[in-house]
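Worksheet: the structure to be examined is printed underneath.
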2 protein chains.
Amino acid sequence: MSDIELIIERIELRGHRITEGRRRVIQAVLKQPSHFTVEDVLQSTRRVGRATVFRTMRLLLDLNIVCRVLLDGGNLHYRISSRGHHHHLVCNDCGRVEDFTGCDVEPLVQALAAAMKYEIDGHWLEVYGRCEACRLLRSGRPESQTTQVLSQ
Amino acid sequence: MSDIELIIERIELRGHRITEGRRRVIQAVLKQPSHFTVEDVLQSTRRVGRATVFRTMRLLLDLNIVCRVLLDGGNLHYRISSRGHHHHLVCNDCGRVEDFTGCDVEPLVQALAAAMKYEIDGHWLEVYGRCEACRLLRSGRPESQTTQVLSQ
DNA sequence: CATAGTATTGACACCAAGTCTCAATGTCAA
DNA sequence: TTGACATTGAGACTTGGTGTCAATACTATG
Ligand SMILES: [Mn+2]
Ligand SMILES: [Mn+2]
Ligand SMILES: [Zn+2]
Ligand SMILES: [Zn+2]
């Protein structure tokens, strides 16, 4: 079964209707790179209203079909995510993102919570750096030090 | 020396001029609760332009005089922060925030980075839950379960 | 098949958060 | 005191997102 059909099925299971607009938005989402904004999705969907695109993105977020990535600098982007709770390792140069789940931050969080007498609901962790490719590019080709593939 | 004079001094040290507008914005920031938006600051400063308030907030952020807190749900708020790198434990009910530095997440982050061959620049960690006061309120007075002091 | 009852849509106004421009003004070191 | 230059404010603009509401599309049921 194709990616889109699997997503459609999950939406149906939650009691939502399958419409042509939703199908188009999902198709656009599936074509995006590593991470993207709703504006990006909007620009690659035709014949779907702005509000519907935003509503569909919210639906996908609720269903954990996409997640949000907090970029270094505070911008929230969207990203396809099959898993539930996970974190991101973001390359600040090229925008590449790696998901990770084995972060073992939960015990630390629990200890902290006990000390503070908080009951914990959840946490958010993002890690920023430079991927191997970008690092090699920098050290090997000093003239390209200002290369910045990711805009913004 | 008062809080405001200390901040003024740090701004001067970085080669910025001290103006009445900046003084007013800082005074407003110092009067805010646990966390706030620029809009909140704007509403408690008179005779200072909107752009100047935003520019001053950015200056304070650059100087680590304020930091940003990512609330559960994705809103970024501002917060006074004397320390450099630190994290937040946020009560989702009353909006209380505790800073913490002893998070020991660095070793985990380094291990992850080594596995992924990333060079690490930094990380972002926020923890969400319910503070003791809010927890007691909930369990002891079931009729106030929907109490939500923090708007939004 | 008809149709009623929801769910969804899209146009559009609105909102929140922030940036940009540029002429006018303020600050401070000399 | 004054000149260089940093800062300001009004307001237009941008980006990301929500609320309204009449029109349209699904779908279950008879
Ligand atoms: Mn985790
Ligand atoms: Mn840390
Ligand atoms: Zn990279
Ligand atoms: Zn609380």
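Chain A is the first sequence line, chain B the second, and so forth, proteins listed ahead of strands; every chain is numbered from 1.
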Exercise. Could you give the CG-to-C1' distance, from A/L76 to D/dG17, as a whole number of Å?
Worked result: 12 Å

Exercise. Once you round to the nearest 0.5 Å, how far does CD1 of B/I7 lie from CZ of B/R23?
Worked result: 11.5 Å

For this session: Check each of B/R135, B/R130, B/E132, B/E98 against A/Y118 using the side-chain hydrogen bond (donor to acceptor under 3.5 Å, both in side chains) test, and report the only one that passes.
Result: B/E98

For this session: Assess the side chains of A/S44 and A/Q32: does a donor N or O sit below 3.5 Å from an acceptor N or O?
Result: yes

For this session: Classify the ring geometry between B/H85 and B/H123 as parallel (under 30°), tilted (30 to 60°) or perpendicular (over 60°).
Result: perpendicular

Exercise. In whole Å, what is the span from the CG atom of B/N75 to the P atom of D/dT18?
Worked result: 10 Å

Exercise. Out of curiosity, A/L59 CG to A/I11 CD1, how far, rounded to the nearest 0.5 Å?
Worked result: 5.0 Å

For this session: Take the protein atom CD of A/E39 and the nucleotide atom P of D/dT18, then report the distance between them rounded to whole Å.
Result: 14 Å

Exercise. Is it true that B/V69 and A/Y128 fall in one hydrophobic cluster, defined by side-chain heavy atoms closer than 4.5 Å?
Worked result: yes

For this session: Check the distance between D/dT18's P and A/L59's CG and give it to me in whole angstrom.
Result: 13 Å

Problem set entry | Those residues of residues 2-12 of chain A lying under 4.0 Å from DNA chain C by at least one heavy atom | none

Problem set entry | Spacing between A/Y78 atom OH and D/dT15 atom C1', to the nearest angstrom | 12 Å

Exercise. First contact, last contact: which nucleotides of DNA chain C are these for chain A, 5' to 3', heavy-atom distance under 4.0 Å?
Worked result: C/dG5 to C/dA11

Problem set entry | Hydrophobic cluster membership, B/L89 vs A/L70, 4.5 Å side-chain cutoff | no

Problem set entry | Note: A/R138-A/D93 ion pair, threshold 4.0 Å (strictly below) | yes

For this session: Kindly indicate whether the side chain of A/L71, heavy atoms from C-beta on, has any atom under 4.5 Å from the side chain of A/H77.
Result: yes

For this session: Do nucleotides 2-13 of chain D as a string where each nucleotide becomes B, S or -: B if the base has a protein heavy atom under 4.0 Å, S if just the sugar-phosphate does, - if no protein is that close.
Result: ---BSSBBB---

For this session: Inspect the surroundings of CZ in A/R46 and state if more than 12 heavy atoms from other residues, nucleotides or ligands are less than 6.0 Å away.
Result: no

Problem set entry | In one Ile/Leu/Val/Met/Phe/Trp/Tyr side-chain cluster, 4.5 Å: B/L60, B/I4 | yes

For this session: Measure from CZ on A/F36 to P on D/dG17 and round the result to the nearest Å.
Result: 11 Å

